[in-house]
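To start, the structure itself, in C-alpha cells.
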There are 2 protein chains.
Amino acid sequence: MSKLRSAPTLDDVAKRAGVSTATVSRCLNDPQRVVQATRDRVMEAVDALGYTPNFAARVMAAKRSFTIGAIIPTMENAIFARGLQAFQEEIHQRGYTLLVSSSAYKPEVEEEQIRTLVARGADGLLLIGHDRDPGICDYLARQKVPALVAWSYEAEERMPSIGFDNRQAMMALADQVIAFGHTRLAMISGLSEGNDRARLRIQGVRDAMAQNSLRPENLPVIETPYEIENGADAFRNLMTQDAPPTAILCGNDVLAVGAVRQAAQMGLRVPEDISITGFDDIELAKIVQPSLTTIHVPHRDMGRAAAVELVKMIETSSPGKSTRLDTGIVMRDSLARLI
Amino acid sequence: MSKLRSAPTLDDVAKRAGVSTATVSRCLNDPQRVVQATRDRVMEAVDALGYTPNFAARVMAAKRSFTIGAIIPTMENAIFARGLQAFQEEIHQRGYTLLVSSSAYKPEVEEEQIRTLVARGADGLLLIGHDRDPGICDYLARQKVPALVAWSYEAEERMPSIGFDNRQAMMALADQVIAFGHTRLAMISGLSEGNDRARLRIQGVRDAMAQNSLRPENLPVIETPYEIENGADAFRNLMTQDAPPTAILCGNDVLAVGAVRQAAQMGLRVPEDISITGFDDIELAKIVQPSLTTIHVPHRDMGRAAAVELVKMIETSSPGKSTRLDTGIVMRDSLARLI
DNA sequence: ATCAATAATGCAAGCGCTTACATTTGCGCT
DNA sequence: AGCGCAAATGTAAGCGCTTGCATTATTGAT
C-alpha cells in the first residue's frame with residue numbers, strides 16, 4: 001500500500017498496471033522478457049507515478065550495484081582529474097556509476113573509504129598505487145570485490161594494475177638531464193611513505209645517476225606534500241645551500257610549478273640559471289612560464305583502459321591482467337643544457 | 001547462518017557474541033544504550049569477524065543514509081574543487097559521506113544524476129546554480145529530499161542557496177575596467193543556456209556599461225564551453241575583427257587563461273596591448289603570466305557554509321535559509337589603465 | 001481439435017538491517 | 001525477602017526489490 005505522498009514503490013506500479021511486482025521488475029531490468037502489451041502498460045504506470053527504483057533495495061536483492069568506487073589521494077589538484085574523467089566516461093557507457101572519494105594521501109583514510117565503498121555495495125574498486133596494508137587486500141579478497149590499481153604498474157604485485165613504470169620514466173628523464181651536462185642534481189619529491197609512485201621516482205633518479213657514474217647517495221631529496229607552496233619552499237631550501245644544484249627534478253608538476261615560481265621570486269632564470277623538471281604533464285605544465293619539461297603520462301588512455309579491465313574483472317570474475325602504458329619525455333622550456 | 005567465506009552479517013556477530021541482532025545493532029548505532037559488558041563482548045565479535053555493516057540494508061531499514069550527494073557541472077577544471085573539498089571536510093566531520101557526480105553542464109544529465117542520487121538514498125543534495133527544470137524541484141519536494149544550491153545566490157528562488165551575486169560581482173569588475181578608461185569591451189563567456197552564473201555575469205558587464213553610458217548592446221559576447229582552448233579560440237576571434245576591444249572580460253579564469261596564452265601566441269602584450277580579466281580566482285590565476293586580475297570567490301567558506309546549512313536542513317527538516325557571500329576584485333597584472 | 005513445447009507471468013522467499021513493542025533483568029526500597 | 005520501576009535485551013515485522021520455481025497462456029505441429 002502506498003503511503004500518502006511518499007515515493008511510489010514497485011508495488012504501486014504493479015497495482016496500477018494490474019500485474020505482479022515480478023513483471024514490473026522484469027520490465028525494468030530485462031524488458032525483452034515481457035511481452036510488448038504488458039510492457040507498455042507497465043511503463044505507462046511507471047511514468048504516471050514518476051517511479052524511481054529504490055537503489056538500496058535493488059542492491060540488497062540483486063547483490064549487484066552497478067557501481068564502481070574509486071579512491072584517489074586527492075581531488076584538489078588536477079593530477080587524477082583527467083584520468084578519472086576518462087574512467088568515468090568509460091564505465092558510464094557500460095552502465096556503471098562512479099563513486100569517488102579521496103583519501104588525502106592517508107592510508108588509514110583510504111582503508112576506511114575502501115570499507116565504506118564495499119559496504120555501499122561497490123561492484124569493483126579503482127585504487128591508486130600498490131602501497132597498502134595487505135590486510136585490506138585480504139579483506140577485498142574475502143568480500144570478493146575486484147580491485148584494480150592504476151597510476152602504477154607492477155606485474156609482481158598482488159593486485160592487477162594498469163599504469164606505467166614510474167621508476168623507468170623518471171630514470172629516462174634524469175638520464176636526459178644528465179646528458180645535458182648536469183651533475184649537481186636535486187629532487188623535490190612527494191612524501192614517499194605509503195606512496196610507491198613517489199618512491200619509485202626517487203629511485204629512478206638515483207638509478208640514472210648510478211648508471212652515469214654520479215653518486216646517488218649524494219642526491220639531495222626533499223619530501224613534501226604535493227602542493228605548489230611546498231614546491232616553492234623546497235626550492236628555496238635547496239637553492240640557499242652551498243653548491244646548489246643546477247637541475248632540480250620534481251616528483252610531479254605541481255611541485256615543479258612551485259619551484260618555477262619561487263625561482264622567479266628569487267630572481268633566478270629558468271632554465272638559464274636553474275633547470276627544473278616535472279612529472280605528469282598536467283595542464284598546468286603548459287601554462288606556467290617557462291613551460292615545464294616533464295614526463296607525459298597518458299592519463300586518458302590509462303583511465304579508459306582501467307575502466308575496460310575493471311568491468312571485465314567484475315563481469316567475468318577474471319583475476320584481471322596488468323598492463324603497462326608508455327610514458328614519454330615532453331621537452332619544453334624549463335630544462336636546458338648546462339653551458 | 002553464515003555462508004562459507006561470505007561477508008559476515010549482523011546475525012553472525014550476534015550469534016558469536018551470544019546476543020540478539022537488535023543488541024548488536026544498538027551497539028553499533030547507539031552504544032550507550034547497551035551495558036558495558038555486553039558491548040565489549042559484541043565489539044570483540046565484530047573485530048574477530050571483521051564485520052562491516054551492509055550499507056544497503058542499513059539504508060533500507062533506517063531510511064537514512066548519512067550520505068549527501070553533490071552534482072557539479074565538471075570535475076575537469078578546478079573551479080569547483082576547492083569549494084567541494086571544504087564541503088566534504090565539513091560534512092565528514094558531521095558524520096556524512098559525500099557522493100559526487102558531474103553533469104558535464106548538461107541539464108538532462110544533471111536530472112538523471114539527481115534521480116540516481118535520490119534513489120541511492122542521499123539524505124540531501126548540493127546543486128550548482130538555480131537554472132533547472134521546475135519538474136525536478138517538484139520531484140525533490142515530493143521525495144522530501146532537501147537540496148541546497150551553491151555558487152549562486154538568489155533569495156527569490158525556490159531552493160535556498162549559498163553563494164554570491166554573480167551579476168554584481170562582474171558588474172563591479174566591469175566598472176573597474178571602465179574606470180581604467182576602457183570603452184571597447186568584449187566578453188568571453190561560458191555557455192549561458194541553463195547556466196545562471198554565466199548569464200548573470202554577462203548581465204553584470206552590460207549593466208556596468210549602461211551605468212557608464214556605454215551601449216550594452218554593442219558588447220561582443222562569445223559563448224563557449226569552459227576550456228582553455230576555447231578561451232584561446234574566442235580571443236583570436238575577437239582580436240581579428242576590426243576595431244578590436246581593448247579589454248576582454250572572461251566568464252571565468254579558465255577562459256581567461258586561454259585568452260592570455262593566445263595573446264602571447266599572437267605577439268600581443270597583456271596588459272599593455274590588451275587587458276584581460278577572469279572570474280573565480282582559482283590557483284591557475286596566480287600562475288599564469290601575467291597573473292590574472294579576477295574576482296575572488298570565497299570557495300572554501302562557501303563550501304563550508306553550504307555543508308553546515310544542508311546538514312541543518314536534513315536534521316531539522318528546516319526549509320533552509322539563503323546566504324550571500326562577498327566577492328572582491330583581486331588586482332593582479334592582466335588589467336591596466338588605458339593610456 | 002489436441003498436445004507438447006515454449007513463452008509469459010505470478011508467487012513468495014529472502015537480502016541484512018532497524019526499531020516498536022514485549023520481555024527480562026537489576027536495583028533501591030521497604 | 002519482596003516490590004516496583006527503570007534499564008537492558010529480545011522478538012519479529014517490515015524496508016523495496018530480485019529471482020528461482022510454479023503456474024498459466026500461447027504457439028505450432030499433428
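Scope of the values below: all heavy atoms of this structure, side chains included, with no hydrogens, waters or symmetry mates. Below, chains carry the letters A, B, ... as their sequence lines are ordered, and counting in each starts from 1.
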Distance-minimising heavy-atom pair for P146(A) and L310(A):
O-CD1, 4.0 Å
Close side-chain approach of D40(A) and M43(A), heavy atoms under 4.5 Å:
no
Phosphate OP1/OP2 of dT9(C) contacted by T38(A) side-chain N/O (<4.0 Å)
yes
What nucleotide among dA12(C), dC17(D), dG14(D) has an atom nearest to a side-chain atom of A61(A)?
dC17(D)
I'd like to check H130(B) versus S161(B) (side-chain heavy atoms, cut-off strictly below 4.5 Å). Are they in contact?
yes
Below 4.0 Å: OP1/OP2 of dC15(C) and any side-chain N or O of N54(B):
no
Output the distance between atom CD (E111(B)) and atom OG (S103(B)), rounded to the nearest 0.5 Å.
11.5 Å
Under 4.0 angstrom, heavy atoms only, what part of the nucleic acid is S25(A) near: base, sugar-phosphate, or nothing?
base
Nearest-nucleotide 5' precedence on DNA chain D, V19(B) against M60(B):
V19(B)
Using a heavy-atom cut-off of under 4.0 Å over every strand shown, decide if Y51(A) touches base, sugar-phosphate, or nothing.
sugar-phosphate
Please check this pair: side chain of D30(A) against backbone of R33(A), looking for a donor-acceptor N/O pair closer than 3.5 Å.
no
In whole Å, what is the span from the CG atom of D11(A) to the C1' atom of dG14(D)?
13 Å
Counting only side-chain heavy atoms from C-beta out, which of dC17(D), dT9(C), dG10(D) sits nearest to T23(B)?
dG10(D)
On DNA chain D, compare the nucleotides closest to A62(B) and A22(B); which residue's is nearer the 5' end?
A22(B)
Would you name the heavy atoms of W151(A) and R197(A) that are closest together and state the gap between them?
O-CG, 3.4 Å
Should T21(A) be listed as having a side-chain N or O under 4.0 Å from OP1 or OP2 of dC17(D)?
no
dG16(D) OP1/OP2 closer than 4.0 Å to side-chain N/O of T9(A):
no
Indicate whether OP1 or OP2 belonging to dC17(D) is found under 4.0 Å from a side-chain N or O atom of K63(A).
no
Below 4.0 Å: OP1/OP2 of dT11(D) and any side-chain N or O of S20(B)
no
Could you give the CD-to-C1' distance, from Q32(A) to dT9(C), as a whole number of Å?
16 Å
Using whole Å, report how far CZ of R120(B) lies from P of dC17(D).
15 Å
Ignoring hydrogens and geometry, is there a side-chain-to-backbone donor-acceptor pair from E110(B) to P73(B) under 3.5 Å?
no
How bent is the helix from dA1(C)-dT30(D) to dT30(C)-dA1(D), measuring the angle between the end axes built from five pairs each, rounded to 10°?
30°
Sugar-phosphate only, base, or nothing, as touched by V59(A) at under 4.0 Å among non-hydrogen atoms:
nothing
For K15(A) and dC17(D), give me the distance from atom NZ to atom C1', rounded to whole Å.
15 Å
Under 4.0 Å, heavy atoms only, any strand: does R33(B) hit a base, just the sugar-phosphate, or nothing?
base
